[in-house]
Amino acid sequence: MPALSAQYSPKDHEQSVYKKWEDSGAFQPNEELLKQGKKPFVVMLPPPNITGVLHMGHALQDTIMDILVRWHRMKGEPTLWMPGTDHAALPTNKIIVDQLFAEGKTKEEIGRAAFIEKTEKWYEKTGAQILNQMKRLGASCDWTRNRFTMDTKYVQAVNETFLSYYKKGYIYRGARIVNWDPKTQTTVSDLEIEYKTEKAPLYTFRYGPFEISTARPETKFGDKYVVMHPDDPRYAQYAHGDTFTAPWINGDITATVIKDESVDMKFGTGVMTITPWHDLTDFAIAERHNLGMEQIIDFNGKLLPIAGEFAGMNIAAARPKIAEKLESLGLLISVDAKYQHNVALNDRGKGVIEPQVMRQWFVDMSKLKEEAIAAAENDQIRFIPPRWKSHFIDWMEHVHDWNINRQIWLGHRLPVWWKKGTHGTDQEDGNFVVSSEKPEGDYEQDPDTLDTWFSSSLWPFATLGWPDATDDLRNYYPTSVLVTAREILYLWVARMIFSGLELVHDIPFRDVLIHPVVLAKNGQRMSKSLGTGIDPIELIEAHGADATRFGLMHQMSFDMQQMKFDPEAIRAAQNFANKLWNIARLLDELKDRRQEGAADMWIRARAYQVSQEVGAMLAAYKIGEAARLLQDFVWYEFADWYLEIVKKEGSTAVARAVFADIIKMLHPFMPHITEVLWEHAGNSELLITSPWEFAEYAVSQEAIDTMRVFQSVVTAVRSARIVFGIPMGSVVEIYSDASLPMPETLEALARVHIVAEAGGRMRSYPLSTGGVIMLYAAEITEEALKKGRDRLNTRAQTITAKIQATQQIIESMRGRAPEEKVQEKQNELARLQQQLQDIDMSRGLLK
RNA sequence: GGGCGAUUAGCUCAGUGGUAGAGCAAUUCGUUUACACCGAAAAGGUCGGGGGUUCGAAUCCCUCAUCGCCCACCA
């Protein structure tokens, strides 16, 4: 057994330990256990973007998953953690387009095939580096099952899904208003839009007999409907369908009055004109009343010929000019320059969204949502923390149909084939075939690709081989728990739930565990541009993977919505790892001793208790609580008290056995160092697959009482030293009536010499367990005595106050509170009175 | 506009009805058989404000304030 170095150096062990695990096959689910009928534990890695870099959010999420996975593996369950990556169409598309731009080319110039080829090369080059970063953290994924959303097999699943939805009538093609991003030239889903508040002048114009307000005059060319609330008394004289002629930007137009309840009577004049082609609510009104609609702005954000003299202008540039023209026509009534409104931006690339009416593919959500809502409502799927359940149900109930095609080249092509030349024309109806194979005849594939979330919604089962009835699918579906951030609760989690229920006829996962968002310590988002980002790999290199994991867990609780990350926690965890290391060193040095004492019984009972608590906490996903409990137990009970005792007396065999249990309990949290120390202790089997079992040990009240007295004596002596000014280094004599527990250890730990008979100047000091300790020290100065008196006087005052308060409480409790509560209080009062007595006695001896 | 969360020691946070806890930082002391990435001791808080329920509130209820997030969306 080679001696351990004085400090734990993670770098020397992490990679080799990881290799041992991987070579052992421990990361793969144990087929034997599966055959025995053991219920498997399965987690799907939320697939990170293949070209992504590990950030603190990943580190937190991956640590949570790894802890659960390692714990269940040790509990003897066949355990599968399925890794993989997502093709991340939009961000990768942008990267490739930017690359081409740098080369002075456009994607149109090189063509679709060359573009895809370039993308594949890019994936190959940068691909999966994020998975290697996960390995640095110690993630025990089954890498033999690694999946990518663009795998041939996965593409089949995507096509199958489209076909299946289409056959059932869930997928339809329709002209609907969608979020168009002129910058990236694609549609964007509602969920991927962010709103930014912006100041923009709000113009009020005369529109026939009405006044209307708008922040976007450039959309108003085609407005020929004026809408008001049917109950608005101001406009009672106008009937739905009335028409009138009004002078407008490019001459007179005929407008029609529409009454619709969606109009807010309190806003402005309570009247508005609508632009259905470029506004979501206007579109809804137009649909309700079957109104005509017209495109004003093209797909590049420029005005169309309907704008007359403004045609071809960029909307931003045209806006003030149009307002000017209306003013010159005498139609401008007022301008509110301080007006604020929300501008819709694409999350990716921040292009300003211009809603457009386009023929698009949609998934009808009305049927799909039903089962998903039911699964949440009857707790087939549980949300942790539970408050997300109602959020999920609420969102699901109000979900809109899902626009699933995107106008980019990168991604899964739609399995849709158009008769040549019909796509995008008014000849579309009846001229397409939905099939994964190209049909006979003159057909060309739909140029669009599917929303990335369409494919990732299949992740829990497509990775297991669906649509084929594979062994993996049979064995590992549904999965056990999904660990995720709340920002993709709707975007991804909700979609996995309804697609799993629809396609595999079962929930995709039992529990949804939603972890907090990791923020910088000052509460800001972690971002490179703000300089608030922290690279987990740097943390691993500086402090070790185990410290990074443990520090994160020590700080985390699932009750939090956000976690202000303090890197100090990682440093503290590194100290803890070093502590473990040095405990092992101490145990190496101790000579064997087998006589068991009170301390041994106490620590064994405590270790068993802790193992039970940790198990219960992990089962309830209270990972942070478990980490904190373990650290406190190891440091403040096992190391600070028990090991100090075992240096002098007690059983080293017990010490080693308890430490082995500690190592085992800590393994899910700090896998590398525990594995190293496990091997160092002479175990031939790997810890990663060792059973999560602990020797049961009954709590002996006698041992616990002995320990409490012992601790109080040690603490009292230490305090008395300070109070009386006796140097820590020196030995003091204390008087014993021979009832002090563990006298030899006491002498060593408290630096005292126990004498049978008192002599010289006696001093006394109260014990927290009741009673006083008598000590003899020749050289106590008058000054120290005064200090001691002051100190005891203060304590006496505090206790007296407490006694009075407690007496009052007992008085007021009488007859109102339950009897046992009163009894509890009275016991407390007795303890306080005893303490006061002890202090008084000590004070009496301080002459 | 609707909702969720947070507000406790200088900082990051535990603490779901019984007189407030930890880590880090700061203070004092200490190197006897692991660890200075250590040990010991002491200090530090009217638990965001106000009101209520209760014998008793950091904890339950109401209200206000501040911060953060989510959803809807303003013509």
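Residue numbers begin at 1 in each chain, while the letters A, B, ... track the order of the sequences. The figures that follow rest on heavy atoms only: side chains count, while hydrogens, waters and symmetry mates do not.
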**Student:** To the side chain of A:Ser719, which of B:G23, B:A41, B:G5 is closest?
**Tutor:**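 Of B:G23, B:A41, B:G5, B:A41 is nearest to the side chain of A:Ser719.
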
**Student:** Of the options B:A34, B:C37, B:A75, whose atoms approach the side-chain atoms of A:Glu644 most closely?
**Tutor:**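 When the side chain of A:Glu644 is considered, B:A34 is the closest of B:A34, B:C37, B:A75.
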
**Student:** Give a yes or no on whether A:Lys622 atom NZ has more than 12 heavy-atom contacts from other residues, nucleotides or ligands under 6.0 Å away.
**Tutor:**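 Result for NZ/A:Lys622: open.
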
**Student:** Between A:Arg571 and A:Asp566, does at least one N-O distance fall below 4.0 Å, as a salt bridge requires?
**Tutor:**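 A salt bridge is absent here (no side-chain N lies under 4.0 Å from a carboxylate O).
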
**Student:** From C-beta outward on A:Tyr636, which listed nucleotide comes closest to its side chain: B:C71, B:U33, B:A22?
**Tutor:**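 Closest nucleotide among those given: B:A22.
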
**Student:** Of the nucleotides B:A75, B:U32, B:A34, which has the atom closest to the A:Thr214 side chain?
**Tutor:**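 That would be B:A75.
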
**Student:** Find out whether A:Trp402 and A:His400 are in side-chain contact, i.e. whether some heavy atom of one side chain is under 4.5 Å from a heavy atom of the other.
**Tutor:**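 Side-chain contact under 4.5 Å: no.
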
**Student:** Roughly how many Å apart are B:C29 and B:U33, using the C1' atom of each and rounding to a whole number?
**Tutor:**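 Each nucleotide's C1' atom is 22 Å from the other's.
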
**Student:** Return no unless some side-chain N or O of A:Arg571 is found under 4.0 Å from OP1 or OP2 of B:A25.
**Tutor:**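 For B:A25, OP1 or OP2 has a side-chain N or O of A:Arg571 closer than 4.0 Å.
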
**Student:** Answer yes or no: does a side-chain N or O of A:Lys579 lie under 4.0 Å from OP1 or OP2 of B:G39?
**Tutor:**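 Yes, because at least one side-chain N or O of A:Lys579 sits under 4.0 Å from OP1 or OP2 of B:G39.
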
**Student:** Which of these nucleotides, B:A14, B:A41, B:A75, is closest to any side-chain atom of A:Ser557?
**Tutor:**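 Of the candidates, B:A14 comes closest.
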
**Student:** Dot-bracket for RNA chain B, 5' to 3', with Watson-Crick and G-U pairs under 3.5 Å, [ ] for crossing pairs and | for other-strand pairs: what is it?
**Tutor:** ((((((((.[[[[.)..(..]]]]..((((.......))))......[[[[[..)....]]]]])))))))....

**Student:** Just the rounded figure in Å: distance from P of B:A34 to NZ of A:Lys648.
**Tutor:**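 For the pair A:Lys648 NZ and B:A34 P, the rounded distance is 12 Å.
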
**Student:** Check whether A:Trp388 forms a cation-pi arrangement with A:Arg486 (NZ or CZ under 6.0 Å from the six-membered ring centre, at most 45° off the ring normal).
**Tutor:**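 That pair does not qualify as a cation-pi contact.
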
**Student:** List, one per line, each side-chain donor-acceptor pair under 3.5 Å for residues 555-563 of chain A, sequence neighbours excluded.
**Tutor:**
from	atom 1	to	atom 2	distance (Å)
A:Gln555	NE2	A:Lys564	O	3.4
A:Ser557	OG	A:Asp559	N	3.1

**Student:** So how far is it from A:Ile603 CD1 to A:Ile645 CD1, rounded to the nearest 0.5 Å?
**Tutor:**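 Answer for the CD1-CD1 pair, A:Ile603 versus A:Ile645, is 8.5 Å.
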
**Student:** Would you call A:Lys648-A:Glu744 a salt bridge at under 4.0 Å N-O?
**Tutor:**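 No, A:Lys648 and A:Glu744 are not salt-bridged.
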
**Student:** So, does A:Asn582 get its side chain near the phosphate of B:C38, meaning an N or O under 4.0 Å from OP1 or OP2?
**Tutor:**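 A:Asn582 to B:C38 OP1/OP2: no side-chain N or O under 4.0 Å.
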
**Student:** Compare the minimum distances between each of B:C37, B:U33, B:U12 and the side chain of A:Lys647, then state the nucleotide with the smallest one.
**Tutor:**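 Selected nucleotide (nearest to the side chain): B:U33.
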
**Student:** Could you please name the option among B:U19, B:G68, B:A34 that lies closest to any side-chain atom of A:Gln561?
**Tutor:**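 My answer, after comparing the listed nucleotides, is B:G68.
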
**Student:** Taking the side chain of A:Glu589 as its heavy atoms from C-beta onward, which of B:A34, B:A75, B:U12 lies nearest to it?
**Tutor:**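 Selected nucleotide: B:A34.
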
**Student:** Across the strands shown, which category fits A:Tyr203 at heavy-atom distances under 4.0 angstrom: base, sugar-phosphate, nothing?
**Tutor:**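 Nothing, no heavy atom under 4.0 Å.
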
**Student:** Pull out every residue in residues 220-228 of chain A that has a heavy atom closer than 4.0 Å to any atom of RNA chain B, ordered by number, or say none.
**Tutor:**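 None - not one residue of the stretch has a heavy atom sitting under 4.0 Å from the strand.
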
**Student:** Looking for any heavy atom pair under 4.0 Å, which part of the strands does A:Trp635 touch: base, sugar-phosphate only, or nothing?
**Tutor:**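 Answer is sugar-phosphate: A:Trp635 comes under 4.0 Å of backbone atoms only.
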
**Student:** Which sits closer to the 5' end of RNA chain B, A:Trp388 or A:Ala6, going by the nucleotide each is nearest to?
**Tutor:**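 Upstream on the strand: A:Trp388.
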
**Student:** With rounding to the nearest 0.5 Å, note down the distance linking CD1 in A:Ile322 to CZ in A:Phe205.
**Tutor:**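 Nearest 0.5 Å value for the CD1-CZ distance: 9.0 Å.
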
**Student:** How far does CG of A:Leu331 sit from OH of A:Tyr203, to the nearest 0.5 angstrom?
**Tutor:**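 Answer rounded to 0.5 Å: 14.5 Å.
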
**Student:** Of the candidate nucleotides B:G39, B:U33, B:C24, which contains the atom at the shortest distance from the side chain of A:Glu568?
**Tutor:**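 Closest nucleotide to the A:Glu568 side chain: B:C24.
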
**Student:** Which part of the nucleic acid, if any, lies within contact of A:Asp264, taking any heavy atom under 4.0 Å across all strands shown: a base, the sugar-phosphate backbone alone, or nothing?
**Tutor:**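 Here A:Asp264 touches the bases of the nucleic acid.
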
**Student:** Would you kindly compare A:Phe267 and A:Leu749 by the position of their nearest RNA chain B nucleotide and give the one closer to the 5′ end?
**Tutor:**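 Mapping each residue to its closest nucleotide by heavy atoms, the 5'-most match is A:Leu749.
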
**Student:** Kindly point out which of B:A14, B:A75, B:C69 is positioned nearest to the side chain of A:Arg486?
**Tutor:**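 Output: B:C69.
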
